[in-house]
Amino acid sequence: MRYWLYKSEPGVYGIDHLERDGTTIWDGVRNYMARINLNAAAVGDLIFFYHSSANPPGVAGLAEVVETSVVDPLQFDPESKYFDPTSKPAEPRWITVRVKFVEKFPNFLPLDLLRRSFTPEELVTLRKGNRLSVTPVGDTTADRLLAMARA
DNA sequence: GCCAACGTTGGC
DNA sequence: GCCAACGTTGGC
């Protein structure tokens, strides 16, 4: 079982939306490096749900991968901003995962606390210039994040 | 709203 | 295959 950090803007889709919905397809990722990380996810992996472009930004809760190799439906939806006219239904370009709500953390972990608690090596999101929306989180870092979020 | 960082596109 | 222009992300 591995840990990941997924970013989403809470105004668009945040931890409260996931709690309401129960599960959701993690759609709209259109970055090849993020896609590699999405494809590497396995059922049972745990996801730190990060609120980006928020005030404050930070880690809000936990989700779990419940299905892999999910075809992102928005790539075939001409009305969607994530429509990809070069992707063919026979060989979809954008594959993602379905995740389920696990918990909203008792303690929201704001970005400034993350900066004070972890090095950029320990947490990819803290690395200068990193904007990747799907990144791996090491076990040790994950354990510390969980301890801080639930204490 | 600004802007740094960096991914993507397209002309050559 | 190079690289300038452009677009996007995301913190502030």
Side-chain angles (χ1 to χ4, degrees), chain A residues 2-21 23-41 45-65 68-99 101-138 140-142 144-149 151:
Chain A
R2 303 178 64 181
Y3 292 95
W4 305 92
L5 183 147
Y6 288 12
K7 295 180 186 174
S8 183
E9 299 186 21
V12 177
Y13 198 92
I15 191 74
D16 291 333
H17 296 93
L18 183 59
E19 182 169 26
R20 178 197 66 198
D21 293 345
T23 78
T24 194
I25 293 175
W26 202 267
D27 55 22
V29 175
R30 294 290 179 273
N31 172 284
Y32 285 99
M33 268 194 284
R35 186 180 74 167
I36 288 168
N37 287 333
L38 281 175
N39 284 336
D45 284 1
L46 294 175
I47 297 158
F48 290 96
F49 196 129
Y50 180 91
H51 284 177
S52 59
S53 298
N55 189 19
V59 174
L62 199 66
E64 181 180 344
V65 176
T68 58
S69 302
V70 176
V71 175
D72 183 337
L74 300 183
Q75 68 196 304
F76 302 125
D77 178 0
E79 302 298 310
S80 171
K81 68 186 256 197
Y82 298 111
F83 178 59
D84 183 348
T86 65
S87 183
K88 299 282 171 284
E91 25 177 345
R93 173 168 299 163
W94 303 105
I95 305 294
T96 185
V97 298
R98 177 178 290 278
V99 305
F101 176 80
V102 175
E103 69 178 295
K104 184 174 176 176
F105 288 138
N107 306 321
F108 180 83
L109 303 176
L111 180 58
D112 65 343
L113 175 63
L114 298 178
R115 286 195 205 286
R116 281 184 271 117
S117 307
F118 297 93
T119 66
E121 288 71 31
E122 289 170 324
L123 199 56
V124 177
T125 292
L126 301 180
R127 290 179 202 166
K128 189 175 166 65
N130 188 282
R131 297 169 307 161
L132 206 55
S133 65
V134 179
T135 53
V137 177
T140 307
T141 299
R144 287 171 57 201
L145 284 167
L146 290 171
M148 290 162 64

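Order of the sequence lines sets the chain letters (A, B, ...), proteins ahead of strands, with each chain counted from 1. Quick note: numbers below take in every heavy atom, side chains included, and nothing from hydrogens, waters or symmetry partners.
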With side-chain contact (heavy atoms from CB on, under 4.5 Å) as the test, pick out the partner of A:F49 among A:V59, A:L18, A:L62, A:L5. A:L18

Does A:Y82 have a side-chain nitrogen or oxygen under 4.0 Å from the phosphate oxygens OP1 or OP2 of C:dT8? no

Taking atom C1' of B:dG1 as reference, at what distance in whole Å does atom CG of A:N55 sit? 15 Å

Could you give the CH2-to-C1' distance, from A:W94 to B:dT8, as a whole number of Å? 11 Å

Of A:F48, A:W26, A:Y13, the one forming a ring pair (Phe, Tyr, Trp, His ring centres under 6.0 Å) with A:Y6 is A:W26

In sequence, state the C-alpha distance, the side-chain angles, and the governing distance for A:D84 and A:R30, and then conclude on salt bridge (charged side-chain N to carboxylate O under 4.0 Å, His left out). CA-CA 9 Å; A:D84 183 348; A:R30 294 290 179 273; 5.4 Å; no

Check whether any side-chain nitrogen or oxygen of A:K7 sits under 4.0 Å from OP1 or OP2 of C:dT9, and answer yes or no. no

Residue A:Y32, side-chain heavy atoms: nucleotide from B:dT8, C:dG11, C:dG10 that is nearest: B:dT8

Can you measure A:R131 atom CZ to C:dG11 atom C1' for me and round it to whole angstrom units? 12 Å

Between NZ of A:K128 and C1' of C:dG11 the distance, given in whole Å, is 12 Å

Do A:L145 and A:L114 have side chains that approach each other closer than 4.5 Å (heavy atoms only, starting at C-beta)? yes

Rounded to whole Å, the CG-P distance (A:D84 to B:dT9) equals 9 Å

Using whole Å, report how far CG of A:N31 lies from P of B:dC6. 13 Å

Listing request: all salt bridge (Lys or Arg N to Asp or Glu O under 4.0 Å) pairs with a residue in residues 4-17 of chain A, at least two apart in sequence or in separate chains. A:D16-A:K104

How many Å lie between CG on A:L132 and C1' on B:dA5, as a whole number? 13 Å

Without placing hydrogens or testing angles, list every side-chain donor-acceptor pair under 3.5 Å for residues 126-133 of chain A, not counting sequence neighbours.
unit_1	atom_1	unit_2	atom_2	d
A:R127	NE	A:P120	O	2.8
A:R127	NH2	A:E121	O	3.0
A:N130	OD1	A:L132	N	3.1

Give me the residues of residues 107-116 of chain A where at least one heavy atom lies under 4.0 Å from an atom of DNA chain C, by number, or none. A:L111, A:R115

Mind calculating the distance between CG (A:N130) and C1' (C:dG11) to the nearest angstrom? 13 Å

Quick one: does A:Y82's side chain get under 4.5 Å of A:V29's, heavy atoms only? no

